[in-house]
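What follows is a single structure, written as structure tokens, with notes after it.
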Amino acid sequence: MLTTAEDLRDYPSRYITGDKGKALKPPIPTTSAVQAKQMHISDSMYSKMFNLLCDAIDGQDYYSGTVSFLFEDVECRLTLSVIVYRQLMTELEGTFDPITNMIQVGAEFHTYKDNEEVPNDFQFSELRSYI
């Protein structure tokens, strides 16, 4: 069964006909219909993702890899490449170089529930706001 615009994109129009044999335009889901099926990424999920990503970056200026984790009943997988910017800071406790910015080279975030992938509303800009 054809359900998405992607499925219908290459579907030959000669197979989509009306009562009198005339070709019909395939239905294309509206943005709101697609968004209704998306999993919302909560602030607490972004926070957990960011903390795990910082652990994986581990002082590097460039990171390319995958961070996988379980959040409640959702399996999550963040695959990304980022350029990491830091600022050297000296205080009484010592010198450290916290992350000040991350520039996305590429990023994908997949969520799975009951072994089925569930689309989500992940935005790298939202993840970056946790810096």
Side-chain angles (χ1 to χ4, degrees):
M1 177 174 209
L2 302 173
T3 56
T4 66
E6 245 178 51
D7 291 335
L8 294 170
R9 189 178 335 259
D10 297 322
Y11 194 74
S13 61
R14 67 178 178 271
Y15 296 117
I16 303 172
T17 58
D19 294 341
K20 299 180 182 177
K22 293 182 181 177
L24 301 174
K25 288 186 176 182
I28 297 176
T30 62
T31 304
S32 59
V34 172
Q35 288 173 341
K37 297 177 185 178
Q38 288 185 344
M39 173 185 292
H40 173 68
I41 305 303
S42 66
D43 291 341
S44 54
M45 188 183 288
Y46 274 116
S47 178
K48 181 172 183 172
M49 189 185 322
F50 181 75
N51 290 330
L52 292 170
L53 178 59
C54 286
D55 290 344
I57 290 173
D58 191 33
Q60 301 175 67
D61 292 329
Y62 180 81
Y63 175 79
S64 184
T66 300
V67 175
S68 298
F69 61 97
L70 187 63
F71 185 83
E72 296 172 359
D73 63 340
V74 180
E75 295 174 49
C76 305
R77 187 178 69 224
L78 173 66
T79 302
L80 79 162
S81 296
V82 289
I83 299 168
V84 180
Y85 289 90
R86 300 172 178 281
Q87 181 177 356
L88 188 62
M89 300 180 82
T90 303
E91 294 189 4
L92 294 175
E93 296 84 22
T95 302
F96 58 102
D97 59 344
I99 295 173
T100 57
N101 198 4
M102 288 190 291
I103 304 300
Q104 171 188 351
V105 177
E108 292 183 14
F109 183 63
H110 297 273
T111 46
Y112 301 89
K113 212 171 189 180
D114 300 324
N115 292 324
E116 293 287 325
E117 185 165 9
V118 180
N120 60 68
D121 63 356
F122 171 80
Q123 294 291 321
F124 181 80
S125 58
E126 182 66 27
L127 177 64
R128 193 173 66 202
S129 73
Y130 283 81
I131 294 174

Chi angles and distances behind the side chain to side chain contact (heavy atoms under 4.5 Å, CB included) call for L80, L53
CA-CA 10 Å; L80 79 162; L53 178 59; 3.8 Å; yes
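- With sequence neighbours excluded, no residue forms a side-chain hydrogen bond (donor to acceptor under 3.5 Å, both in side chains) with N101.
- Shown here are the side-chain hydrogen bond (donor to acceptor under 3.5 Å, both in side chains) partners of R77, two or more places apart in sequence or in another chain: Y112.
- The distance from atom CD1 of I103 to atom OG of S81, rounded to the nearest 0.5 Å, is 13.5 Å.
- Residue pairs meeting the ring pair (Phe, Tyr, Trp, His ring centres under 6.0 Å) criterion with at least one partner in residues 53-79, sequence neighbours excluded, do not occur; the list is empty.
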Less than 3.5 Å apart, which donor and acceptor atoms pair up between the side chains of residues 122-131 and the rest of the protein, not counting sequence neighbours?
from : atom 1 : to   : atom 2 : distance (Å)
S129 : OG     : E126 : O      : 2.6
Y130 : OH     : D43  : O      : 3.1

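- Cluster membership check: V84 shares its hydrophobic cluster with L52, using side-chain heavy-atom separations under 4.5 Å among Ile, Leu, Val, Met, Phe, Trp and Tyr.
- The minimum heavy-atom distance linking Q104 with V82 is given by the pair CA-CG1, 4.1 Å.
- S42 meets the side-chain hydrogen bond (donor to acceptor under 3.5 Å, both in side chains) test with S44; sequence neighbours excluded.
- For residues 47-76, every residue pair satisfying the salt bridge (charged side-chain N to carboxylate O under 4.0 Å, His left out) rule, not counting sequence neighbours, is listed here: D61-R86, D73-K113.
- The line from CE of M45 to SG of C76 is 4.0 Å long, rounded to the nearest 0.5 Å.
- Scanning for side-chain hydrogen bond (donor to acceptor under 3.5 Å, both in side chains) contacts around D121 gives H40, with sequence neighbours left out.
- A salt bridge (charged side-chain N to carboxylate O under 4.0 Å, His left out) check over residues 89-111, counting only residues at least two apart or in different chains, returns nothing.
- Residues meeting the side chain to side chain contact (heavy atoms under 4.5 Å, CB included) test with T90, sequence neighbours left out: T95.
- Of the possible polar contacts, one joining the T111 side chain to the V118 backbone as a donor-acceptor pair under 3.5 Å is found.
- In this structure, F50 has no ring pair (Phe, Tyr, Trp, His ring centres under 6.0 Å) partners at least two apart in sequence or on a different chain.
- Applying the under-4.5 Å side-chain rule to Ile, Leu, Val, Met, Phe, Trp and Tyr, the cluster around M89 extends to F96.
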